[in-house]
Amino acid sequence: MTILIHQPDFGIEVEEKKVLNSEKDLVLDGGFVLPHANSFGHNFRDYDAESERQQGVETFYKTQHIHQTYDFVKKMRGEYGKLDKVEMSIWECCELLNNVVDESDPDLDEPQIQHLLQTAEAIRRDYPNEDWLHLTGLIHDLGKVLLLPSFGELPQWAVVGDTFPVGCAFDESIVHHKYFNENPDYNNHAYNTKFGVYEKGCGLDKVSMSWGHDDYMYLVAKENKSTLPSAGLFIIRYHSFYALHKSGAYKHLMNEEDEENLKWLHVFNKYDLYSKSKVRVDVEKVKPYYLSLIQKYFPEKLRW
């Protein structure tokens, strides 16, 4: 199945600009207002701000950076790539996320189902014709079910947080980079050079990423034969890869398809980050629309 994607003028659509009627708020051209502060009154992704969650977030990243090794990722991909945990629909998985709160997120402590709907609805308003992008917004974090008992109840550091390549040097742009010095791969000459086990321009699909909800949901979508376009799968796998889409690191590993898909990831990221809010979406009101998209792009039941 071939899906044609309308390519927006990325130099204009993604531009953040000031508006006069809202104090220091930002707005996307489609009308979605980007709040100046997160739910705790701090700048988004401010890992140094003194907030009630900051200390816990830093502790989380220390643990994650120590334990996310090349061998660990290979082991987890092998185990979870079997997709033998549960069989259920996309919407059933969305409902499971009512039981999940992401401890790595300094911006929000709401149930994940609200973040998914907030993201999807914000995208829907600005890109009404890109239904694949609406659905990508809804499902991008579904892999966080790895925190639940039926999926192995993995620790938070193996499920959430910023992602990064393993098998090559840890770029200094990665949040709380200082804690990598306790990672066994940090001093392993096979894994601590610019390219490590990879080749220039090999393509990100050849690169092992730190294990978590992003890579898991990517595997679920791909192996269950989702008809989402490659840009949708790219967003799912790399939406937490801030070293790439915020800092521009690791571009030496990208190929031409990655370059095109990165444009859509930049669009998506604004909504993923800035749509987090205490204002809740009416789930029952929007549910029929998203069920229709699920039916279009996914089988009725999926292996997880």
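Start at 1 with the first residue, then count along the sequence.
- Side chains of D214 and H239: a donor-acceptor N/O pair is present below 3.5 angstrom, by distance only.
- Under 3.5 Å, the side chains of D131 and Y297 contain a donor-acceptor pair of N or O atoms.
- With Y289 as the aromatic partner, R124 meets the cation-pi criteria of under 6.0 angstrom to the ring centre and within 45 degrees of the ring axis.
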Under the criterion side-chain contact (heavy atoms from CB on, under 4.5 Å), I'd like the reasoning laid out for W264 against E130: C-alpha separation, chi angles, the key distance, then a yes or no. CA-CA 11 Å; W264 278 110; E130 309 294 347; 4.3 Å; yes

Donor-acceptor pairs under 3.5 Å, side chain of residues 89-96 to any protein atom, not counting sequence neighbours: which ones?
residue	atom	partner	partner atom	Å
S89	OG	E92	N	3.1
S89	OG	E92	OE1	3.4
W91	NE1	E95	OE2	3.1
E92	OE1	S89	N	2.7
E92	OE1	K301	NZ	3.1
E92	OE2	K301	NZ	3.3

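- Taking the side-chain contact (heavy atoms from CB on, under 4.5 Å) definition, one finds that Q295 meets it with nothing, sequence neighbours left out.
- Sorted by first and then second residue, the salt bridge (charged side-chain N to carboxylate O under 4.0 Å, His left out) pairs with a member in residues 164-174 form an empty list; sequence neighbours excluded.
- Distance alone, capped at 3.5 Å, places no donor-acceptor pair between the Y290 side chain and the L117 backbone.
- Not less than 6.0 angstrom separates the ring centroid of H213 from the ring centroid of Y216.
- Within the structure, no pair that satisfies the side-chain hydrogen bond (donor to acceptor under 3.5 Å, both in side chains) test touches residues 187-197, not counting sequence neighbours.
- Residue pairs meeting the salt bridge (charged side-chain N to carboxylate O under 4.0 Å, His left out) criterion with at least one partner in residues 178-187, sequence neighbours excluded, are E58-K178.
- Sorted pairs that involve residues 223-233 and meet salt bridge (charged side-chain N to carboxylate O under 4.0 Å, His left out), not counting sequence neighbours, are lacking altogether.
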